Structures are given as C-alpha cells and as structure tokens.
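Computed from a prediction, not measured in an experiment: that's the story for all the values here. Side chains included, hydrogens not; waters and symmetry mates left out as well; all remaining heavy atoms used. Numbering of ligands and ligand atoms starts at 1, following listing order.
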Amino acid sequence: MTKTCLIIVDGLRDDTARKCCNWLMGSVAQGDARLWTMQACLPTISAPLYETIHTGLAPADHGLMDNEGLRPCPHPNVFSTLQGAGKTSGVVGHSYFHSLFAGSTFDPFDHVEVDDPHSPITHGRYYSMDGYDADNAVQPAEVDLCGQLWGIAKRHAPDYLLLHSSSCDTLGHTHTGLGAAYERQAGKVDKALAQLIPRLREAGYQVLITADHGMDEHGDHGGDAPSLVNVPFFAFDTAITAPEGQVLDQRALAPTILSFLGVAAPDTMKAAPLA
Ligand SMILES: [Zn+2]
C-alpha cells in the first residue's frame, strides 16, 4: 500500500498541459514522471466528472449530469470505501466535493474546515467561489491551496489526499481555452505544483495529476470535442507501465487509487485499475 495524492486541475486541456506546464513536462523529460492522455466521460462537466473520478461510473450510470442539484453521492466511491476500510483522507477543493462525498450539503459556516474522524472525508478544506462572475474570479491563489494541502499532509498524513484547483476552468470560461490568460494560468498552477509535489514525494506519497475535462475555443465545455475529452494524466512514483501512447479511461481512476491503497474496489467499479 502506498499513500496516494490525486491532483485535479479543473478544465486543463491535454495540449495546454503539454505546452504550458513546464515543471511537469520537465519531470517527464527527466524520467521522474510519466504522461498519458486520458479520455474524460460525457458530459464534460465538473461535478458529474468529480463523481466519475471517484466512483468509476460514467455520468449516465451514476446519474449526476450537471452541476445543479448536487446530492450526496449514492454510489460506493473512493472516500466511502476508504472509510469502510479504516483509511483516512484529506481534501482541499471546491465545496462540491463536500456536498458529493462528505455526507451533507456544503455550508460555509460549518464546512470550510472539517476535521472529523467519522466523516468519509476525514480532513477537508473547501472554498465556495461564491459570487464568481466574469469580472471577479473569487479564486484562491494556487500556492495557498498547495500550502493547505501540505498542512494536512504534514499534520495528519492521510492515506488519500485530493487537491482540486479551479482556476484554469475559471480563466478558460472568461478568456477561452485558447487565450493567453488561460495558458498563463496553467503555467501558474504548474509553478505552485513544483513546490508541492517534491514535498509530497519526500513524505512518501505517489502523485497523480489530471483534469476533469478540457476547455474549448469559446470558453465552454460539456460536449465531446477533442479539446474537452482529452485531458492529461501525469504519474509520479507509480507502478503504471502502460505505453505512453495508450489513451487511458477516466473510469479507471477510482479502482486505481483503491488498488494503490491496498483496498478492494467495490463491484460497481468495473474498469481495470491502471497497471
Ligand atoms: Zn467549467
């Protein structure tokens, strides 16, 4: 069993990661990490795909098709399965993760910081982006998110860590997935991860980096264009040996994380773990 950290860079296109994430690409070039293209499920919308990534079910199978009407995930998922196996988790991410996986609808006054051994997410730090619009991103700084995640790792060393960054998605909606602002933000996320990932590896975590979906030339996502379904998948310190030209299945993430943590995947997770 190896402690595992998944990093979801919301709305990061595969081609933009390869062009703009210079520290990650340098890590691939020097053999510290490997990189594949992963195919996202449809619709390419955030909350449905957060649930896909953590249940191994396509949205058509788990039933959540948009960001409205969030409810606690009714299916076995990475967090509930780890809790059942006596393992711990830590999350720094959008409040959607609390609403989907922590057992109740997010309330900022109760849930911005949660440390609860009885919750499926043992240690949670959430941001709401309440009031977000085209003129005001209401966005935490990347390095602040990385610092929060490192704080959880340092103090609690949970078995599974999840970091979720929203800023590429936000800048993509405002400036499109082809704009300089979007590409610069991918570079800023990469720069913050360059400070976090070496610390996590030093602490014994294997680290996976991917996106829920991409971003198109109009600043939208939801459909099946290559700019939306192709997302990057970087892996540091894993035993995954698939050829780098192989396109990976997003539904394989949940059983892969559980397999790394030495926990049997529930029958609902039908994709084979990445190997
Ligand atoms: Zn979006």
Side-chain angles (χ1 to χ4, degrees), residues 6-21 37-55 58-60 62-71 73 91-101 105-106 108 126-142 145 162-190 192-193 209-233 250-251 253:
L6 175 67
I7 297 170
I8 300 176
V9 184
D10 206 298
L12 178 62
R13 296 163 61 125
D14 186 51
D15 54 356
T16 304
R18 292 168 192 267
K19 179 180 172 190
C20 303
C21 292
T37 295
M38 179 168 272
Q39 184 159 31
C41 291
L42 299 176
T44 47
I45 296 174
S46 290
L49 296 181
Y50 303 162
E51 190 153 310
T52 291
I53 288 169
H54 286 90
T55 60
H62 64 58
L64 183 64
M65 300 299 279
D66 59 37
N67 292 336
E68 310 300 319
L70 296 190
R71 79 287 181 259
C73 171
V91 172
V92 173
H94 195 282
S95 59
Y96 287 180
F97 285 95
H98 178 93
S99 295
L100 290 173
F101 301 115
T105 302
F106 177 78
Y126 305 98
Y127 54 90
S128 71
M129 294 173 64
D130 187 31
Y132 153 53
D133 60 33
D135 295 321
N136 184 350
V138 198
Q139 190 76 64
E142 295 308 310
L145 298 178
L162 171 68
L163 172 66
H164 166 253
S165 156
S166 288
S167 62
C168 284
D169 182 78
T170 301
L171 275 281
H173 282 302
T174 305
H175 300 282
T176 85
L178 296 178
Y182 171 77
E183 293 193 350
R184 269 189 222 112
Q185 192 61 31
K188 288 180 189 173
V189 172
D190 174 82
L193 295 182
I209 304 101
T210 191
D212 48 352
H213 55 71
M215 183 64 62
D216 75 10
E217 68 276 23
H218 306 295
D220 295 322
H221 54 83
D224 65 355
S227 59
L228 304 178
V229 295
N230 291 339
V231 296
F233 178 72
Q250 194 173 42
R251 291 169 296 183
L253 276 171

Quiz item: So do the side chains of M38 and L253 get within less than 4.5 Å of each other, counting heavy atoms only?
Solution: yes
Quiz item: Going by the angle between their ring planes, with limits at 30° and 60°, are Y126 and H98 parallel, tilted or perpendicular?
Solution: perpendicular
Quiz item: Once the angle between the rings of F97 and Y50 is folded into 0 to 90°, is it parallel (under 30°), tilted (30 to 60°) or perpendicular (over 60°)?
Solution: parallel
Quiz item: Is it true that some N/O/S atom of D10, main chain or side chain, lies under 2.8 Å from the Zn ion (ligand 1)?
Solution: no
Quiz item: Looking at the Zn ion (ligand 1), is one of the N, O or S atoms of H213 less than 2.8 Å from it?
Solution: no
Quiz item: Please state the angle at the Zn ion (ligand 1) spanned by NE2 of H221 and NE2 of H173: what is it, rounded to 10 degrees?
Solution: 90°
Quiz item: Looking at D190 and C21, what are the two nearest heavy atoms and their distance?
Solution: OD1-C, 3.2 Å
